[in-house]
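Working notes for the structure below.
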Amino acid sequence: MVNPASRVKFVKKNFLGRKREPTVRVVSTEEGQDLEGEEEDIVSIMKEIETETTIARDEVIAKCQSLYRESQSEPELGREQLKKYLDSAFSNEFPPQMVALDASQPWVLYWTANSLKVLDEGYLSDHCKRRICEKLFAISESGGPFGGGIGQLPHLASTYAAVSALALCDNVEGYWDRINEKAIYDWLLSLKQPNGGFKTCRGVGETDTRGVYCALSIASLLNILTDELCEKVVDFLVGCQTYEGGFGGCPYGDEAHGGYTFCAVASLAILGALDKIDQSSLMRWCSQKQYEPEKGLSGRTNKLVDGCYSFWVGGAAAILELYGYGKCIDKLALRKYILYCCQSSARYGLRDKPGTHPDLYHTNYVLLGLAITENLFGFSSDSQFNPASISIPSRLSCINPIYGLPVKDFENFTKHFRYED
Ligand SMILES: CC(C)=CCC/C(C)=C/CC/C(C)=C/COP(=O)(O)OP(=O)(O)O
Ligand SMILES: [Zn+2]
């Protein structure tokens, strides 16, 4: 048998490059130990591995529990407050401290418009739809691909956000007919890498599952998904599933994370290749991201719950449910986390967790997560998307979990590019 101390030394020297000494502990697995003793052991191990994150988690738990105790009945979603918050994003200039969003202008449009439409299909006015399209076509007069703002290089993430935002605008002023599918297709092909991934930007830019998802979402919405574009993409994605069951950003060598996992699972769904991965370890991983007593979802092992993973992990779980693999998260518990812990009367908008400020990104993904808790996803016998509603109050628009868009908008947009009505 290998001596545990020399094994640790070997791992440390050859694989980890650690600066801190690892803790070695021999745990007895003999049967017949009394339960009391086991509990004591678990407590002492937990104390020994106290870190900045475990301390922060204790604080989050205390805040969530206090909110859960505050009101016996589940709080309602503050629709009117949210509408005001979202409308104000369209009518006010952003303050200078938000300058970093200059490279994410299509994202801001998508988050805001999508949140309004998930709240209520009628909340996005025709005036706003026109302004969104005008802004996007000012970024790319030729109809795509799109950069993050005027004069910026076309990027997969901003083109994904722009196309998603346009999908919400109901072909107002005929803008859908001005989208340049051919230019977008040629550009997507130029970003393709030999390993099956997509570079996010010509010349510069990283290659990971986010880029794959953006490329496939754009191409499938616009009906330009060809075999050439899809070549080796499944291999790239399959290689991103880690030993934990979730997906990292790149094949063979990345930590499983909710954001990358959503991108991989949604991409595999678009490619009809969910059967190529280990679904049961993926489902176990998704379940393990939901914590008690917080009830929300975290993005990776031993990290904190955050409202946006209601969609990144909740959406991956909804896609698995849609394709008949069963349930892997507790939707009613997630709903509780969202309604009790992600909204506050002090500030409009939805947030990551108690103690953080709301923002447009979290508002969109928390709302998408809440929408997921209101439906059971599945297909009808003739293979049509056929969600069933769960009877709970606060009906949001039913969403397509693969695209993060209301079903109605997804259907109108994709029909347009299939039949050119
Ligand atoms: C379509 C598209 C572009 C999707 C983006 C998906 C997404 C949210 C990716 C997240 C990437 C990442 C490593 C976050 C870690 O943040 P952190 O370390 O601050 O958070 P954590 O502690 O919760 O892991
Ligand atoms: Zn977040």
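Both counts, for ligands and for their atoms, begin at 1 and track the order of listing.
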Atoms of ligand 1 close to [X] [distance to a heavy atom under 4.0 angstrom, numbered from 1]:
{"X": "G259", "result": "6 (C), 7 (C), 8 (C), 9 (C)"}
{"X": "Y309", "result": "20 (O), 21 (P), 23 (O), 24 (O)"}
{"X": "C263", "result": "4 (C)"}
{"X": "Y213", "result": "1 (C)"}
{"X": "Y361", "result": "8 (C)"}

Decide, counting backbone as well as side-chain atoms, whether D306 has an N, O or S atom less than 2.8 Å from the Zn ion (ligand 2).
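D306 does place an N, O or S atom closer than 2.8 Å to the Zn ion (ligand 2).
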Atom 18 (O) of ligand 1: the protein heavy-atom neighbour that sits closest, reported with distance to 0.1 Å
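That would be R300 NH2, 2.7 Å.
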Atom 8 (C) of ligand 1 [closest protein heavy-atom partner, distance rounded to 0.1 Å]
W312 NE1, 3.4 Å
Can we call the ring centroids of [X] and [Y] under 6.0 Å apart?
{"X": "F262", "Y": "Y213", "result": "yes"}
{"X": "Y323", "Y": "F379", "result": "yes"}
{"X": "W285", "Y": "F247", "result": "no"}

Region of F262 that comes within reach of ligand 1 [heavy atoms, distance under 4.0 Å]
neither
Looking at Y260, I'd like to know if the NZ or CZ of R210 sits under 6.0 Å from its six-membered ring centre while staying within 45 degrees of the ring's axis.
no
Among R210, H257, K303, closest by any non-hydrogen atom to atom 16 (O) of ligand 1:
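Result: the heavy atom closest to atom 16 (O) of ligand 1 is in H257.
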Atom CG in N412, atom CG in L405: separation rounded to 0.5 Å?
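These two atoms lie 11.0 Å from each other.
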Distance-only side-chain donor-acceptor flag, S280 / D278, under 3.5 Å
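Yes.
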What I want to check is whether the side chains of H357 and D352 have a donor and an acceptor closer together than 3.5 Å.
no
